[in-house]
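Heads up: the structure comes next, in structure tokens.
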Amino acid sequence: MYHVNRMTSKLIEDLNLQQQEAVQLTKGPLLIIAGPGSGKTRVITHRIAYLIRVCGVPPRNIAVVTFTNKAANELKERLHSMLGQDSIGITASTFHSLCARILRHHGSKIGLENTFTIYDDSDQITTIKRSMKELGVDPKHIAPRAIQSAISNAKSQLIETSGFKCESYFDEVVLRVFHRYEELLTLGSGVDFDDLLLKTYSLFKNIPSVAHEYQDRFTYLMIDEFQDTNIAQYEISKQLSDKHHNLCVVGDPDQSIYSWRNADIRNILTFQRDNPDTKVISLEENYRSTQTILDAAQHIISSNKKRIKKSLWTNNGIGYPITIGEGYNENEEADIVLKTIQTLKQKRSILTGQRYTLNDIAIMYRVNAQSRALEDVCLKYSIPYQLIGGIKFYQRQEIRDIIGFLRIVLNPDDDAALSRVINVPARGIGKKTVTGLVQLSMELNLSMFSVIELIDHDSSSEIDAMSHTIKIPNLRSSRSLKTFVEMIKTIQVEADSLNLAKLITIILDRTGYKTYILGDPDRGLERWENIQEFINSTESYLDNSSINTLSEFLESIALVNDIDNLQNQKDTITLITLHQAKGLEFPIVFIIGMEEGLLPHARSMDKESELEEERRLAYVGITRAKERLYLMRAFRRGFRGGSEPSIPSRYLSEIPDNLIDKPSQSSVTRFASTEDTELFNNPSETAGSLNRSSKHRSHTDKHTFAHSVESPELSFRTGDKVIHNAFGEGLVINCVPSGGDFELTVAFKVDHGIKRLLLSLAPIRKVK
DNA sequence: CGCAAGTACCTTTTT
DNA sequence: GGTACTTGCG
């Protein structure tokens with residue numbers, strides 16, 4: 001008993017009261033509302049430690065489901081350092097990985113091959129396009145993406161074709177495509193992301209013995225980021241906890257940012273309704289951010305009308321004011337960010353007293369495309385960066401091709417993969433042949449691979465007889481097809497006794513892919529290096545050389561995002577989308593593109609609910625910052641090649657003045673009056689948010705932020721109108737000290753663009 | 001059939 | 001600005 005108490009107190013001594021309660025309430029349904037920076041992960045790890053060390057629960061009976069694999073891995077690491085050997089056996093994974101594993105074991109009971117292929121986003125689109133083509137649905141009339149999203153929406157609510165309700169013409173089209181899409185998936189033993197959940201749900205529902213097995217396996221279940229779960233995930237957690245009812249869900253409605261992926265925030269309410277004995281604990285002390293940052297975040301989020309009020313507080317100091325920065329366009333914006341980073345490198349953290357490192361810094365943005373300007377400038381300033389997301393490694397053509405071959409080796413019926421690589425490199429199987437093949441496969445209800453096999457041993461005339469309307473590939477094409485199938489079969493036979501690296505090497509060789517890649521004089525070498533890197537990534541699968549390894553490997557590729565593989569080793573800044581930043585924290589955060597149309601995004605401006613989700617996204621971004629926060633915007637932003645004026649985000653005006661350090665007065669107005677009268681076409685935001693004076697500036701911190709330089713000896717300031725002897729009229733958009741001199745950045749009218757000038761040398765004078 | 005050049009549409013966010 | 005798909009020629 002003494003031992004237990006001592007263990008207990010050791011585990012919870014450094015937790016606050018709410019956290020302690022959350023750790024110790026192990027039985028029955030528990031809802032933890034965890035504000036940003038409230039020590040949520042600590043609660044989860046300590047709770048698990050408590051279950052194991054104090055309650056004596058065997059590790060293998062505990063499961064935590066997280067939102068990303070990265071979160072799962074971090075959790076595992078932390079548990080390992082806390083519990084050592086005792087952490088082995090704990091399940092920590094995403095819903096999708098967990099379901100994939102369950103289906104590999106038991107999928108056959110609901111008619112799923114255990115070699116099933118997971119179709120990623122682009123495979124889905126390919127398959128949907130194919131379905132549409134077969135059904136004569138014009139992709140110009142109805143976007144494949146729209147259909148995909150409708151299907152996904154249905155599936156994530158556990159609605160299959162049979163239960164799909166049509167309320168419009170569009171729905172009817174969707175349903176027809178949905179039917180064919182499902183047939184094609186079944187034919188190719190493929191499952192999409194939603195199927196992983198849906199099929200696990202039906203497995204549990206239809207085969208109770210399997211459900212019982214997992215109910216007794218995971219007697220304690222925790223779900224993280226519960227606000228971002230969808231109906232299917234909710235129902236699966238219900239199924240899993242239906243026997244022991246020890247289900248703990250952790251989330252924060254204010255950080256719900258995935259409704260577009262069918263996450264349903266109502267799950268939190270449903271959870272309480274379904275489990276009337278739910279205990280609710282709120283974690284409201286923030287350990288992460290300064291008072292200023294937390295205040296700003298709270299002011300923004302409190303503009304949301306549909307919201308359960310909660311008030312976070314912190315014992316942390318006031319810290320620095322939030323800096324609002326403005327650039328002329330996205331390049332200027334990026335330039336200012338990087339310049340600021342260079343000065344920040346000399347500064348010290350409030351918390352640790354240490355110099356900041358690049359790892360302390362993140363630049364966040366709404367859309368991936370925004371990273372481009374940043375990357376350019378990082379290169380220019382030689383600042384190493386880590387780009388999270390964006391063009392993912394596995395999305396590269398050459399990598400996808402090899403994955404395609406691997407998928408066919410594992411599952412030859414995988415039509416999506418087959419179509420991709422059947423003629424790569426060119427082997428005489430052109431568009432016409434493939435079309436014929438697809439038609440045959442439709443007619444015979446066989447996978448493309450099986451059809452080729454048929455052509456192969458029957459003479460082609462027999463198939464002709466079976467389906468005389470179909471044009472049989474000519475002899476030359478048949479030979480090419482046959483050769484291809486034989487090649488795959490040979491590789492398949494060998495695959496069983498090879499490790500992955502060897503298998504890939506053989507594929508590269510036999511398929512002629514190596515020659516094909518290296519034959520490209522422009523990008524050949526680069527692509528070959530990517531392939532080498534890909535081969536290296538199979539290293540951890542070396543020891544086990546069976547076909548199961550291949551299946552595991554492909555699964556991890558399909559489910560594991562790039563973000564999961566990145567290491568924090570090198571000293572680099574982080575470029576990341578706001579969505580991906582969820583759950584992370586950095587001492588210094590820049591959020592760029594604080595503009596109407598970007599944050600909130602133009603596509604989210606029609607509906608109030610979407611504007612509120614965008615606001616939550618801003619909230620998530622801001623609450624990532626521990627010490628310093630910079631909110632950036634540009635006056636003009638590149639858009640599909642061109643460039644358009646933009647106005648400040650409405651969310652900026654929701655931050656009280658006294659928390660903000662602003663760029664010098666009314667630069668926007670001047671900018672607007674000289675160049676972009678269109679800025680005033682939208683009257684609501686401009687005046688309110690940017691022209692407010694900085695009179696409430698209460699912080700004493702000396703900022704070196706480019707736009708905030710206000711030295712008395714400086715005769716030019718941001719926003720000043722100038723005349724240059726050669727370039728004519730322009731506007732000062734930046735002014736920084738530079739070796740006893742000042743460097744002005746001036747935007748001149750149309751022909752001359754942005755110029756950097758040294759004050760002492762430039763033939764320049766102020767106007768008015 | 002293969003390749004080069006041209007066009008339409010585009011991405012908001014990701015397991 | 002870039003890609004994915006189409007067209008047209010050799």
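All heavy atoms count here, side chains included; hydrogens, waters and symmetry mates do not. Remember, predicted model here, so these are calculated numbers, not experimental data.
A/Gln580 has no side-chain polar atom (N or O) that falls below the 4.0 Å cut-off from OP1 or OP2 of B/dT13. In this structure, A/Asn262 does not reach the B/dT14 phosphate: none of its side-chain N or O atoms is under 4.0 Å from OP1 or OP2. Distances shown here put a side-chain N or O of A/Asn423 below 4.0 Å from the OP1 or OP2 atom of B/dG2. Put simply, A/Ser97 has no side-chain N or O that comes within less than 4.0 Å of OP1 or OP2 on B/dT15. For the OP1/OP2 pair of B/dT14 and a distance below 4.0 Å, the side-chain nitrogens and oxygens of A/Thr577 include at least one atom meeting the criterion.
In this structure, A/Ile236 atom CD1 and B/dT15 atom P are separated by 17 Å, rounded to whole Å. Remark: C1' of B/dT15 and CG of A/Asn153 are 16 Å apart, rounded to the nearest angstrom. One atom, NZ of A/Lys582, and another, P of B/dT13, lie 16 Å apart when rounded to the nearest Å. A/Lys431 places its NZ atom 14 Å from the P atom of B/dC3, with the value rounded to the nearest Å. One interatomic measurement links the two molecules: NZ of A/Lys70 to P of B/dT14, which rounds to 14 Å at whole-angstrom precision. Rounded to whole angstrom, the span from the CH2 atom of A/Trp260 across to the C1' atom of B/dT11 amounts to 11 Å. To the nearest angstrom, P of B/dT13 lies 18 Å from CZ of A/Arg616. Rounded to whole angstrom, the span from the NZ atom of A/Lys432 across to the C1' atom of B/dG2 amounts to 14 Å.
Residue A/His601 is the one, among A/His601 and A/Gln124, whose nearest nucleotide of DNA chain B lies closer to the 5' end (criterion: closest heavy atom). Between A/Glu614 and A/Val434, the residue whose closest nucleotide on DNA chain B is further toward the 5' end is A/Val434.
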**Request:** Carefully, step by step, assess A/Asp192 and A/Lys155 under the rule salt bridge (Lys or Arg N to Asp or Glu O under 4.0 Å).
**Result:** CA-CA 10 Å; A/Asp192 61 27; A/Lys155 283 188 175 184; 2.7 Å; yes

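Checking side-chain atoms of A/Glu330 against main-chain N and O of A/Gly638 turns up a donor-acceptor pair under 3.5 Å.
In this structure, of B/dC1, B/dT14, B/dT15, it is B/dT14 that holds the atom nearest to the side chain of A/Tyr258. With C/dG2, B/dT14, B/dG2 as the candidates, the nucleotide lying closest to the side chain of A/Ala426 is B/dG2. Nearest nucleotide to the A/Val367 side chain, out of C/dA4, B/dT13, B/dC1: B/dT13. Nearest to the side-chain atoms of A/Thr94 among the listed nucleotides B/dC1, B/dT11, B/dT15 stands B/dT15. Each of B/dC1, B/dT13, C/dA4 was ranked by its minimum atom distance to the side chain of A/Lys129; first place goes to C/dA4. For A/Asn368, taking side-chain heavy atoms from C-beta onward, the closest of the listed nucleotides B/dT13, B/dC1, B/dT15 is B/dT13. Considering only the side chain of A/Arg372, C/dG2 comes nearest among B/dT15, C/dG2, B/dT14.
By the 6.0 Å and 45° rule, A/Arg427 does not stack over the aromatic ring of A/Phe484. Taking the centre and axis of the six-membered ring of A/Tyr119, the NZ or CZ atom of A/Arg407 falls inside the cone set by 45° and 6.0 Å.
With sequence neighbours excluded, no residue forms a ring pair (Phe, Tyr, Trp, His ring centres under 6.0 Å) with A/Tyr234.
At the heavy-atom level, A/Phe95 lies nowhere under 4.0 Å from the strands shown. Counting any heavy atom pair closer than 4.0 Å across all strands shown, A/Arg427 reaches sugar-phosphate atoms only and no base atom.
Aromatic ring orientation, A/Tyr630 versus A/Phe590: parallel (interplanar angle below 30°, classes split at 30° and 60°).
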